[in-house]
Amino acid sequence: MTAFFQNLGMTYDWAWFTATIVGILVIALPLMLAVAMVIYAERKIWAAIALRRGPNVVGPWGLLQSFADGLKVFLKETIIPSSANKGLFLIAPVITFTVALIVWAVVPFDVGVVLTDINVGLLYILAASSLGVYGVIIAGWASNSKYPFFSALRAAAQMVSYEVSIGFVLICVVLYAGTFNLTEIVLAQKGNIGFGLLNGHGFNPLLFPMAIVFLISSMAETFRTPFDLVEAESELVAGHQTEYSSMSFALFWLGEYANVILMCALNAILFWGGFLPPLNIEFLYAVPGIVWLLLKMGFFFFVFGWVKATVPRYRYDQLMRLGWKIFLPLSLLFVVLVSGWLMFTRYGVAA
Amino acid sequence: MIAIFAFYLFATLTIASSVMVIFARNPVHSVLWLILAFFNAAGLMLLLGAEFIAMLLVIVYVGAVAVLFLFIVMMLDIDFAALRSGFTKNLPFGLIVALVLLAEIVVAVSAWKAGPVTGGAQPAATTQPNIEAVGELLYTRFLFPFEIAGLILLVAMIGAIVLTHRSRGDVRGQKVSRQVDRRPDEAIKNLNPAVGEGMKL
């Protein structure tokens, strides 16, 4: 794209700058639209599971419900509690929202269709997603109120706990793919199992348990049910969002759903072949890669909604037990197993 | 031009936020400025082409260490008056530390002017990704220090557990297998007590 803007008579620096801004907007704007539609879709899924109708008034089949909600919060007054730490109180939702967006810079939608194709892509995702907790912690502290503060403490402990096992799961994938670059990780899954027929690390018996661990950990990482203790309404009112109103509240929501969509994308990219079709058959490649990626993300989003509608909330000690006593040893064991298997098959035992 | 702009942006922000760490009145603000300083330092590493170190800096320091730091500082009950009264008492000690640091910086700068320690050795070709280069060195030439570092960390970890672990006799632990194995017929009793008698559990 830089070349295109250079042809318009810009210097290289300005062309690069403009191309990057355009690239960011091309990803961020559809993402915001997707968040609106995804909230609608999720409410419909919960409604269907609970034998209700869900939103069905605004627009055809209620499709415009999210936009009506968005307009409503936009027109409301932002209330800042008098004892809150004003600057941090307002910065917290901005951090949540920004961090949820910056991760998308390295997500590959097809070969070459990615904003920045860096060779530490997976580490970048890990780094950016570990920043997400700051929005919650700062919001909880700056609100100067009991419930948000408890929520901030819970969020910090939960995020750090599950990041450990996510790190080890990612190491397994990286060992198998031999690279940190997300596009190459996807391409490494091409026909890698089932006599070259199946695309995806998840079909590999050695990595399938890790795919499950990653799916569950990604729910914990985005504070979704059954791990939504951060905003457990029976104990903490609305958690860190208790004191927030209007747009500052909406930014938390947008950030949260952008994170959920991101985790769906990561599940698809790391374990289920990303933009590759599920089967390694020639005619399936006629469908554009982005369609396959969106289909897989849609599936995982449905799983997220399904779990939220059916599974009751964990107790906090159960949450910690699952993270530290089950997922951590399990993922550690699989790092050893995967590296052992690779030493045995790929590099020769003696090496 | 963009690289130069980015360098001055990161460098200025690093120094400014480091200064704010010291001068912020509120300790929580100090920690947040520290996080910003870490972040901009990672940006500087990125400009030097050390993307692996930059990412590790963000993951380890910003993502884990600083979160725990913030966690602790947020829960401290701080008396600001007492903090300020300690200023004159600790001033001489602080000045000594500052002088030592200044001397170190002077020595470092003069040593750097004398020429690189590596004796003119050039960094490896940039075609190889950081991670592979680091891995190759760590697992060949620096294998022994690397494993010793791992061992020291393990000992520190076990030490921390030993120091903080205490077995209290008065708590009932969760036995998850028993909770999962519980069946309705052993958990529920259906009784029909007579009027005025109540029931015994």
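In the text below, chain A, chain B and the rest are named by the order of the sequence lines, each starting its count at 1.
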Contacting moiety of B/Ala66, where chain A heavy atoms sit under 4.5 Å: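 For B/Ala66, heavy atoms of backbone and side chain both lie under 4.5 Å from chain A.
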Contact class of B/Leu57 relative to chain A, heavy atoms under 4.5 angstrom: neither
Flag, side chain of A/Thr222 to backbone of A/Ser218, donor-acceptor distance under 3.5 Å: yes
N/O donor-acceptor pair under 3.5 Å between A/Ser165 side chain and A/Ser161 backbone: no
Taking [atom1] in [X] as the centre, count heavy atoms belonging to other residues, nucleotides or ligands within less than 6.0 Å. Is the count above 12?
X        : atom1 : result
A/Tyr147 : OH    : no
B/Phe39  : CZ    : no
A/Trp104 : CH2   : yes
B/Asp170 : CG    : yes
A/Ile21  : CD1   : yes

Heavy-atom contacts under 4.5 Å, residues 168-179 of chain A to chain B: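 Within residues 168-179 of chain A, no residue comes under 4.5 Å of chain B, counting heavy atoms only.
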Any residue of residues 311-328 of chain A which, by heavy atoms, sits under 4.5 Å from chain B: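 Hits under 4.5 Å: A/Arg315, A/Asp317, A/Gln318, A/Arg321.
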Parallel, tilted or perpendicular: rings of B/Tyr61 and B/Phe38 (30°, 60°):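 Plane angle between 30° and 60°, so tilted.
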Ring geometry between A/Phe17 and A/Trp14 (parallel below 30°, tilted from 30 to 60°, perpendicular above 60°):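 Perpendicular, since the angle between the ring planes exceeds 60°.
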Closest non-hydrogen atom pair, B/Glu51 against A/Asn119: OE2-OD1, 3.0 Å
Chi angles and distances behind the ring pair (Phe, Tyr, Trp, His ring centres under 6.0 Å) call for A/Phe180, A/Tyr124: CA-CA 9 Å; A/Phe180 274 93; A/Tyr124 174 81; over 10 Å; no
Side chain / backbone / both / neither for A/Asn85 at chain B, heavy atoms under 4.5 Å: side chain
Segment of A/Leu153 engaging chain B (4.5 angstrom heavy-atom cut-off): both
